[in-house]
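Just so you know, residue 1 is the first one in the sequence shown, and it goes up from there.
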Amino acid sequence: MSAPVSRPVPSSFSPGPQSVTFSVPSPLGPLPVTLAYTRVGSGEPLLLLHGIGHHRQAWDPVIGILAVERDVIAVDLPGFGESSPLAEGLAHDLPTMNAALGALCQALEIERPHVAGNSLGGLLALELGREQLVRSVTALSPAGFWSPVERRYAFGVLQAMRQTAIRMPLPVVERLSRTAAGRTVLTSTIYARPGLRSPEAVVAETLALAHAAGFAETLRAGTAVQFTHDVPGLPVTVAWGTRDRLLMRRQGVRAKYVIPHARLVRLPGCGHVPMNDDPALVARVILDGSR
């Protein structure tokens with residue numbers, strides 16, 4: 001077990017990224033992967049994983065709270081945020097992501113961290129739990145519990161969001177971000193309370209979606225994904241926002257059926273990315289799930 005470490009917790013969380021490079025096995029032999037991350041706080045390690053098209057800053061609303069009790073590592077997944085795309089020969093599939101995140105933990109000298117993930121990150125967190133690479137799992141609206149119709153709907157919405165982000169001129173994004181109504185236009189698909197998001201954050205995440213080099217390959221790899229395995233031997237929390245418009249909350253009931261011992265938590269008034277909608281509640285759910 002990793003010894004607790006201590007890092008300063010800023011009053012306004014906006015530290016610059018660090019990066020780490022490590023090797024991941026492939027049919028062509030070991031290939032390098034470089035990931036950007038931020039690390040802050042003290043206590044047992046907690047790895048935070050964002051959703052498709054997003055970036056590590058999705059966790060900014062809760063990191064200051066989490067870092068009081070945890071050594072928090074928020075990572076940009078391969079091909080998202082400031083992390084490099086995967087090298088040719090590495091697929092954006094679950095086995096590769098498991099290998100990359102396991103190698104990341106080794107490179108950072110983190111032994112079996114707690115992990116929390118949202119959407120795609122929630123699915124990856126559950127996969128890490130299934131492989132017994134982590135101490136606990138908190139999955140917020142995780143992917144992989146959809147019906148075929150629900151998956152097609154979600155993928156269609158995500159592709160439309162991506163095309164909008166690509167085509168919208170930056171001055172238009174900046175102008176919309178300055179008002180609560182404009183932020184609603186840009187982000188109401190994922191946030192139930194988009195007016196709470198800062199203009200700077202909305203511009204940054206719109207650009208992150210537009211520039212996400214790993215988006216298409218990750219979405220393609222998810223076409224056949226269905227999470228059907230139990231996650232035995234460690235604490236699992238599955239939490240779902242009551243106002244999730246991307247992955248409907250009934251999918252949480254399916255998750256509970258697949259993982260019978262999981263704690264299923266309702267997040268009142270929260271959307272698909274709940275960290276912004278109710279930071280205090282989400283932080284409490286994560287901390288309670290990682291005791």
Centroid separation F227 to W146 less than 6.0 Å: no

Side chains of [X] and [Y]: does their closest heavy-atom pair fall under 4.5 Å?
X	Y	answer
N118	L49	no
D76	L35	no
H54	L209	no
L123	V225	yes
T179	L176	no

So, S42 versus D71: side-chain donor-acceptor pair below 3.5 Å or not? no

Going by atom types only, do H272 and T189 share a side-chain donor-acceptor pair under 3.5 Å? no

Derivation and outcome, side-chain contact (heavy atoms from CB on, under 4.5 Å), residues R112 and L133: CA-CA 5 Å; R112 296 188 72 234; L133 297 175; 5.9 Å; no

Heavy-atom neighbours of R167 CZ exceed 12 at 6.0 Å: no

Treating [X] as the side-chain partner and [Y] as the backbone partner, does any N or O pair qualify as donor plus acceptor under 3.5 Å?
X	Y	value
T242	G269	yes
H114	I286	no
R254	F145	yes
Q132	G129	yes

Looking at Y37, I'd like to know if the NZ or CZ of R39 sits under 6.0 Å from its six-membered ring centre while staying within 45 degrees of the ring's axis. no

Rounded distance [0.5 Å steps], CG in N276 versus SG in C270: 9.5 Å

To the nearest 0.5 Å, tell me how far L281 CG sits from M275 CE. 12.5 Å

Is a salt bridge present between E44 and R135, judged by a nitrogen-to-oxygen distance below 4.0 Å? yes

